[in-house]
Amino acid sequence: MVSDDNDGLITELEFEVSHHYLVLEQGKDEREHWESKSQKSKPSEKQRKFENFKGGEKRREKNMGILSDDVVIIRQSEKEGDPSVITINCPDKTGLGCDLCRILLFFGLNIVRGDVSTDGKWCYLVFWVIGKPNTRWNLLKMRLVEASPSFSWAFGISRSYLSDSELQPLKLPDLFLLKLACSDRTGLLYDVTEVLYKLEINIEKVKISTTPDGKVMDLFFVTDTRELLGTEKRRDEVYECLKDAIGDSMMSYDIELVGPEITARSPASSSVAETLFSSDVLAEHSSGLHTSSSVSIAVDNSLSPGHTLIQITCQDHKGLLYDIMRTFKDFNIQISYGRFTIKRVKNCEIDLFIVQSDGRKILDSSKQDALISRLRAELQQPLRVVMMNRGPDTELLVTNPVELSGKGRPQVFHDIALALKKINTCIFSAEIGRHVTGDREWEVYKVFINEEDSLPVTRSKIEEQVWNTLMGWE
C-alpha cells in the first residue's frame with residue numbers, strides 16, 4: 001500500500017484472512033462430521049444429498065432452492081447519512097461479486113465499505129452502503145437473493161432432485177417495443193427513463209426523434225426484470241405511471257412483443273467508432289475525456305503462499321467496486337478475501353487476495369501486466385464522454401465497456417438524461433448501439449443536442465455535467 005502504516009495493514013489483513021478461513025474450515029468440519037455420521041446408516045448418495053438439502057431448509061424460495069431469509073440480511077440505518085449493512089451468505093461462483101455489485105449500482109447505492117471471504121464453495125460478503133430516501137429495500141433483497149447461486153451449486157445435488165426450471169438453460173428475456181408520442185419539453189426523456197427505472201424495465205435500445213413542430217416519437221426496445229410485460233395488467237401499470245409523469249402532453253402509447261429477428265444490440269456507426277476509439281481522435285480530445293487520476297496498483301506474491309495480493313488506491317466514483325469486480329470476472333479470477341474502504345477526501349483503498357480459475361496464484365508476469373493494465377484503464381476511465389460537431393449539430397457521445405456476458409453498465413442512459421435536464425438542455429434525438437474493438441465490446445450512447453438558436457450552456461459545461469453525473473461526483 002502507499003500508506004505509511006503498511007506493516008500494520010498487512011498484519012490486520014493476515015488476521016482477517018486467518019479468521020475468515022477458520023470460520024469456513026469450521027463449517028467444512030461440521031459438514032464432514034454429519035456426512036460421516038449419516039454414512040453409518042448407509043443411505044444412498046442421492047438420498048444423503050437430498051436429505052441434507054431438504055432438512056436444513058426453512059423456507060424455499062420459488063425456483064431457488066435456497067434459504068431466502070438467511071441468504072441476504074439488510075440492516076437499514078437508523079440515521080440519515082449513516083450506512084446500511086447488507087450481508088450475503090451463499091454458495092460461491094466466479095463473478096458473483098460482479099453480479100451483486102451491479103445490482104447495488106442499479107439501485108443507486110453508494111458502497112462505502114466492503115468485506116468478502118470465500119473458500120471457493122461458500123462465500124460471505126458484507127457491504128456498507130449509503131441509500132436514498134426512496135430506496136426499495138425489500139425489492140433489493142429479492143434481486144440479491146435471485147442473483148445468489150442455489151444450494152445445489154455448492155453441494156452438487158443430483159439433477160434428479162432439481163426442478164424443471166433449474167434444469168433448463170438460461171432463457172433470454174422477451175424483447176418489447178414501447179412506442180411513445182408526446183409533445184417535446186425539457187426533461188421529458190429523463191422523466192420517461194425514471195419511470196421505466198422504477199418499474200424495473202430495462203432500456204436495451206432506443207431511437208428518439210423530434211419533428212419540426214415539436215412532437216417527439218420515442219421508440220424504446222425494453223426487457224422486463226419482472227417478466228410480466230406480456231400481461232395486460234403490467235402494461236396498464238406502465239401506461240398509468242407514464243401518464244402521471246408526462247401528463248396531457250402524451251398523445252399515444254403502445255407496447256408490443258417483437259420477434260427474434262429484431263435485435264436489441266445494433267452496431268454503432270463508423271463515425272462514432274472513429275470518434276471514440278481512434279487513437280488520433282483520443283489524443284486530440286484527451287482533455288475532454290475527463291480521465292480520473294491518482295490510480296496506484298501493486299501486486300504482491302510474497303505475503304500469502306497460495307494467493308496473489310492486489311492492492312489498489314484510487315479516487316472513488318459511482319460503480320467503482322462494480323468496475324473492479326467486472327474486470328476480475330472477465331479475467332475469470334476469483335477473490336478469496338477482499339476489503340474495500342473509503343478514506344478521507346473520497347480516496348479508496350482496496351486489498352484483494354485472488355487466485356486464477358485453477359486455484360493458483362498469478363505468477364506469470366505477462367498475466368500480471370495484462371490484469372494491471374486492464375484495471376488501471378477501468379479505474380482511470382470507466383466511461384468516455386466526448387462532445388463533437390456534426391455539421392450544424394452538436395453530438396454527445398458516451399461509451400462504457402460491456403461484460404463478456406453481454407450485460408451493459410446500469411443506469412447510463414438514465415444519468416445522461418438527468419444531467420441534461422439539470423442544465424436545461426433539450427435532446428433532439430438519441431440512439432444506443434454496440435461497437436466491438438479488438439477483443440472488447442462497448443455500449444455507445446449517441447445524443448444530438450437541440451441547439452435551435454444557441455445552447456443554454458457551453459459545450460464544455462454539458463460535457464462536464466454529464467461526466468460528473470455518471471461518476472457520482474456532484
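Ring geometry for Phe413 versus Tyr445: interplanar angle under 30°, hence parallel rather than tilted (30 to 60°).
Counting only heavy atoms from C-beta outward, the side chains of Ile335 and His307 never approach each other to under 4.5 Å. Counting heavy atoms from C-beta on, the side chains of Leu178 and Leu196 come closer than 4.5 Å. Looking at heavy atoms from C-beta onward, Asp330 lies out of side-chain contact with Phe328 at the 4.5 angstrom threshold. When side chains are defined from C-beta on, Ile416 counts as touching Leu396, because their heavy atoms get closer than 4.5 Å. Between Ile73 and Ile86 the shortest side-chain heavy-atom distance does not fall below 4.5 Å. Residues Phe127 and Pro83 fail the side-chain proximity criterion, which asks for heavy atoms closer than 4.5 Å.
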Step by step, work out the salt bridge (charged side-chain N to carboxylate O under 4.0 Å, His left out) result for Asp115 and Arg339. CA-CA 5 Å; Asp115 281 291; Arg339 168 164 289 180; 2.9 Å; yes
Before giving the answer on side-chain hydrogen bond (donor to acceptor under 3.5 Å, both in side chains), spell out for Asn347 and Thr313 the whole-Å C-alpha distance, their side-chain angles and the decisive distance to 0.1 Å. CA-CA 7 Å; Asn347 288 326; Thr313 58; over 6 Å; no
Lys205/Glu431 under salt bridge (charged side-chain N to carboxylate O under 4.0 Å, His left out): CA gap, chis, key distance, verdict: CA-CA 7 Å; Lys205 179 181 174 183; Glu431 296 180 6; over 6 Å; no
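Of the charged side-chain nitrogens involved, at least one lies within less than 4.0 Å of a carboxylate oxygen, so that Asp99 and Lys329 count as a salt-bridged pair.
Atom-to-atom distance recorded for Asn468:CG and His317:NE2 is 13.0 Å, nearest 0.5 angstrom. The structure places CG of Leu321 at 10.5 Å from CG of Leu105, a figure rounded to the nearest 0.5 Å. If you take CG on Leu229 and CG on Asp174, they are separated by 9.0 Å, rounding to the nearest 0.5 Å.
No donor-acceptor contact under 3.5 angstrom links the side chains of Glu378 and Thr327, judged on distance only. At a cut-off of 3.5 Å, with distance as the only test, a side-chain donor of Asp92 or Thr118 sits close to an acceptor on the other residue. Judged by distance alone, the side chains of Trp122 and Asn89 do bring a donor and an acceptor atom under 3.5 Å apart.
Qualifying ring pair (Phe, Tyr, Trp, His ring centres under 6.0 Å) partners for Phe107, counting only residues two or more places apart in sequence or in other chains: none. With sequence neighbours excluded, the residues that form a salt bridge (charged side-chain N to carboxylate O under 4.0 Å, His left out) with Asp323 are Arg326, Arg409. Residues meeting the salt bridge (charged side-chain N to carboxylate O under 4.0 Å, His left out) test with Lys361, sequence neighbours left out: none. Every residue meeting the ring pair (Phe, Tyr, Trp, His ring centres under 6.0 Å) condition with His414, not counting sequence neighbours, appears here in chain and number order: Tyr190, Tyr197. Partners of Arg376 under the salt bridge (charged side-chain N to carboxylate O under 4.0 Å, His left out) rule, at least two apart in sequence or in another chain, do not exist in this structure. For Lys367, the salt bridge (charged side-chain N to carboxylate O under 4.0 Å, His left out) criterion is met by no residue, not counting sequence neighbours.
A donor-acceptor pair under 3.5 Å is formed between the side chain of Thr469 and the backbone N or O of Gln465. Glu349 contributes no side-chain N or O that, together with a main-chain N or O of Ile342, makes up a donor-acceptor pair within less than 3.5 Å.
At least one cation-pi condition fails for Arg384 and Trp467: the charged atom is not both under 6.0 angstrom from the six-membered ring centre and inside a 45 degree cone around its axis.
Heavy atoms from other residues, nucleotides or ligands lying under 6.0 Å from CZ of Arg360 number 12 at most.
Taking each heavy atom of Val355 and Ile333 in turn, the nearest pair found is O-CG2, 3.4 Å.
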